[in-house]
S.K.: 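Before I ask anything, let me first share the structure, which is written out below as structure tokens.
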Amino acid sequence: MRSLATVVLAAGQSTRMKSARSKVLHDLAGRPVISYIIDEALKIGSARTVVVRGPLQADLGKYLEEAGLEQAVQKQPLGTANAVASARKTLENFEGYVLVLCGDVPLVRKETLEAFTKEVFSKSAMLGVLTMQPDFAAGYGRIVRDLDGKVVKIVEAKDASEDELKIREVNSGVLCFDSEWLFKSLKKVGCENAKGEYYLTDLVGIALKEDLPVVAWKAENYEELLGINTRVDLARTYELLRERINKEHMLSGVGIQDIRHTNIDSGVKIGVDTTIMPYAFIGGKTKIGSNCVIENGVVIKDCIIENGVHIKAYSVLEKSHVRGEAVIGPFARLRPDSKIGRKAKVGNFVELKKCEMKNGAKANHLTYLGDAVVGERANVGCGTITCNYDGYAKYMTIIGDDAFIGSDTQFVAPVRIGKGAVIGAGSTITKNVPAGDLSLSRAPQTFSKGWSKRRGDKMRSKK
Ligand code: UD1
Ligand code: CA
């Protein structure tokens, strides 16, 4: 097989997106739109991948640089032929086939590209075009064939006759060329058309005039070739991608109860027999083990969740690690750098930040634990607060194994509670507590016999 280089076109002005950001950098299931097509190009063995961007798309330039990808700049958006010509210098010494893809068509699968390029290679074609038949051909370039079904040309919608507009087979925007012929022939493309642009699609007519073999291969599924021009298209594309992602998880053993209302970013890993309930959002680089339950409305970003964890409804977890069989929520919040041990419990309205709950530790209700370590099996009562910040710096609270923290305790950090110590409810703890001790700081409870009646009598006599 001859070698393959990919040119990804992304220099269009994207005016319909109405955004200050480059269109292809908008988020699609946790990744920039353009990253999908680049990945597929790499998967089919593309030796070089060059992205063509506009001079004003500095954000895209920066992204490509950070991702270690080659880029070429098209000085002015003069059309798709001119865009490909901008990559000529970069690909100067390349010999083989050049696959042209659009940066705003993210759902194309490697299988489709593979089948298409295989057809082009096997026919030793100078040019191949991947066609499709969408429900509405709208603004796409029409594939004009003769009576024998042989391709004659591609005509852009704006230049098409009434009869040509009726053609339903259209150019997907994916084309493949012999590299030498491509760069030689681009110079022959003119701009005498409705848009005054240099059309890449004119190369079909040019190749046929030269009697060179041209392949037009129709994709079975047009949905994967739909492009993104507006934010509406972006949302529709996301819908299709979400279904694809969710189906993949389901077919590998993950229980997803509602395929349309479960949002899982691309790249998230989930183990078998884990159940995900509707309205969960699982994003970033999250990894979830097997036999977990993720209830309704849970938001998880960049977390590691080990096997058998139960995350109850409406909990929000970010950059945290939850070990096996822990129970979180409902309504719990794990802020970054929290570590939850095996079989630990974090209950409702508990907020953790940089907090390590060791194996079997519990904080079941209405609590804030920040910059803290809670020892194994320690129990943190309702309404406990670590006062970790004095307005200038943050300090640690360290609670030993098997300690028992009474409800409504405040720990003024830095402070240490020894193993097995007991803190009486309602205490404000400012000093370290040795292992095994009881410590409490509340005022002794007093009594005043019959006070209520005496007060009542006094108040009434004043009226
Ligand atoms: C193009 C095709 C059309 C096809 C359709 C599929 C041409 C002339 N037409 O039309 O046959 O049906 O795609 O989606 O090729 N771009 C540049 N520089 C430019 C112009 C465009 O990099 O000067 C990039 C765009 O960013 C985009 C791609 O090329 O990624 C396609 O350009 P666009 O203007 O969207 O072409 P269409 O009119 O949709
Ligand atoms: Ca387009």
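Atoms considered below: every heavy atom in the structure, side chains included; atoms not considered: hydrogens, waters and symmetry mates.
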S.K.: Assess, by modelled atom type and distance only, whether the side chains of Thr397 and Thr386 contain a donor and an acceptor separated by less than 3.5 Å.
M.R.: no
S.K.: Let me see the working for Glu119 and Lys123 under salt bridge (Lys or Arg N to Asp or Glu O under 4.0 Å), right down to the final yes or no.
M.R.: CA-CA 6 Å; Glu119 180 73 9; Lys123 298 265 158 64; 2.6 Å; yes
S.K.: Could you pull out all residues at least two apart from Leu107 that satisfy side-chain contact (heavy atoms from CB on, under 4.5 Å)?
M.R.: Glu224, Thr237, Leu240, Leu241, Arg244
S.K.: Salt bridge check, Glu169 against Arg145: does any charged N sit closer than 4.0 Å to a carboxylate O?
M.R.: yes
S.K.: Would you please test Ile385 and Phe411 for side-chain contact (heavy atoms from CB on, under 4.5 Å) and show each step?
M.R.: CA-CA 6 Å; Ile385 296 169; Phe411 291 108; over 6 Å; no
S.K.: Output every pair passing salt bridge (Lys or Arg N to Asp or Glu O under 4.0 Å) with a member in residues 28-47, not counting sequence neighbours, ordered by first then second residue.
M.R.: Arg31-Asp39, Glu40-Lys43
S.K.: Quick one: do Lys247 and Glu243 make a salt bridge, cutoff under 4.0 Å?
M.R.: yes
S.K.: Which heavy-atom pair separates Asn246 from Ile259 by the least distance, and what is that distance?
M.R.: ND2-O, 2.9 Å
S.K.: Under the 3.5 angstrom rule, does the side chain of Arg142 hit a backbone N or O of Leu165 as a donor-acceptor pair?
M.R.: yes
S.K.: In terms of heavy-atom contacts, does CZ of Arg416 have more than 12 from other residues, nucleotides or ligands at under 6.0 Å?
M.R.: no
S.K.: Looking only at atom types and distance, does a side-chain atom of Ser441 sit under 3.5 Å from a main-chain N or O of Ser427, one as donor and one as acceptor?
M.R.: no
S.K.: Salt bridge or not for Glu325 and Lys343, using N-O below 4.0 Å?
M.R.: yes
S.K.: Could you tell me whether the side chains of Asn263 and Tyr238 share a donor-acceptor contact shorter than 3.5 Å?
M.R.: yes
S.K.: For the backbone of Ala363 and the side chain of Thr367, can you confirm whether one donor and one acceptor N or O come within less than 3.5 Å of each other?
M.R.: no
S.K.: Check whether any side-chain heavy atom of Ile423 lies under 4.5 Å from a side-chain heavy atom of Leu440, and answer yes or no.
M.R.: no
S.K.: Indicate yes or no: at least one non-hydrogen side-chain atom of Ile429 is less than 4.5 angstrom from one of Val412.
M.R.: no
S.K.: If you look at every heavy atom in Tyr63 and Ile34, which pair is closest and at what distance?
M.R.: CE2-CG2, 3.8 Å
S.K.: Tell me, which pairs form a ring-ring contact (aromatic ring centres under 6.0 Å, His included) where one or both residues lie in residues 271-301, sequence neighbours left out?
M.R.: His261-Tyr279
S.K.: Name all pairs fulfilling the salt bridge (Lys or Arg N to Asp or Glu O under 4.0 Å) condition that reach into residues 226-237, sequence neighbours left out, sorted by first residue then second.
M.R.: none
S.K.: Take atom NZ of Lys301 as the centre, draw a 6.0 Å sphere, and report whether it contains more than 12 heavy atoms from other residues, nucleotides or ligands.
M.R.: no
S.K.: Donor-acceptor pair, Asp273 side chain versus Ser290 backbone, under 3.5 Å?
M.R.: no
S.K.: Provide the full list of salt bridge (Lys or Arg N to Asp or Glu O under 4.0 Å) pairs with a residue in residues 383-405, sequence neighbours left out, each pair given once.
M.R.: Arg377-Asp402
S.K.: Using the side-chain contact (heavy atoms from CB on, under 4.5 Å) rule, take Phe121 and Leu4 through it: C-alpha gap first, then chi angles, then the decisive distance, then the call.
M.R.: CA-CA 10 Å; Phe121 301 159; Leu4 183 72; 4.0 Å; yes
S.K.: Can you check whether Asn364's main-chain N or O pairs, donor with acceptor, with Asn348's side chain at less than 3.5 Å?
M.R.: yes
S.K.: How far does CG of Asn296 sit from NZ of Lys312, to the nearest 0.5 angstrom?
M.R.: 13.0 Å
S.K.: Measure the acute angle between the ring planes of Phe331 and Phe349, then classify it against the limits of 30° and 60° as parallel, tilted or perpendicular.
M.R.: parallel
S.K.: Within the supplied structure, the quantity of interest is the number of heavy atoms (other residues, nucleotides, ligands) at a distance under 6.0 Å from Gln133 CD; does it exceed 12?
M.R.: yes
S.K.: What pairs meet the salt bridge (Lys or Arg N to Asp or Glu O under 4.0 Å) rule with one or both residues in residues 56-74, with sequence neighbours excluded?
M.R.: Arg48-Glu70, Lys62-Glu66
S.K.: With side chains defined as the heavy atoms from C-beta onward, is the minimum distance between Val7 and Val52 less than 4.5 Å?
M.R.: yes
S.K.: Hey, mind stepping through Lys353 and Asp337 against salt bridge (Lys or Arg N to Asp or Glu O under 4.0 Å) and telling me if it holds?
M.R.: CA-CA 7 Å; Lys353 189 221 67 174; Asp337 298 322; over 6 Å; no
S.K.: Is there side-chain contact between Val272 and Thr274, with heavy atoms separated by less than 4.5 Å?
M.R.: no
S.K.: Among Val346, Leu334, Leu352, Ile294, whose side-chain contact (heavy atoms from CB on, under 4.5 Å) with Leu317 holds?
M.R.: Leu334
S.K.: Counting distance only, does the side-chain N/O of Ser172 pair as donor-acceptor with the main-chain N or O of Val174 below 3.5 Å?
M.R.: yes
S.K.: Under 3.5 Å, is there a donor-acceptor pair between the side chain of Thr286 and the main chain of Asp302?
M.R.: yes
S.K.: Kindly indicate, with the supporting measurements, whether the criterion side-chain contact (heavy atoms from CB on, under 4.5 Å) is fulfilled by Arg21 and His26.
M.R.: CA-CA 7 Å; Arg21 245 184 314 153; His26 277 249; 3.6 Å; yes
S.K.: Counting only N and O atoms by type, is there a donor-acceptor contact under 3.5 Å from the side chain of Ser407 to the main-chain atoms of Ala425?
M.R.: no
S.K.: Between Arg335 (side chain only) and Arg333 (backbone N and O only), is there a donor and an acceptor less than 3.5 Å apart?
M.R.: no
S.K.: Give a yes or no on whether the backbone of Val293 and the side-chain of Glu295 come within a donor-acceptor separation of less than 3.5 Å.
M.R.: no
S.K.: Just by distance, with hydrogens left out, do Glu156 and Thr201 show a side-chain donor and acceptor under 3.5 Å apart?
M.R.: yes
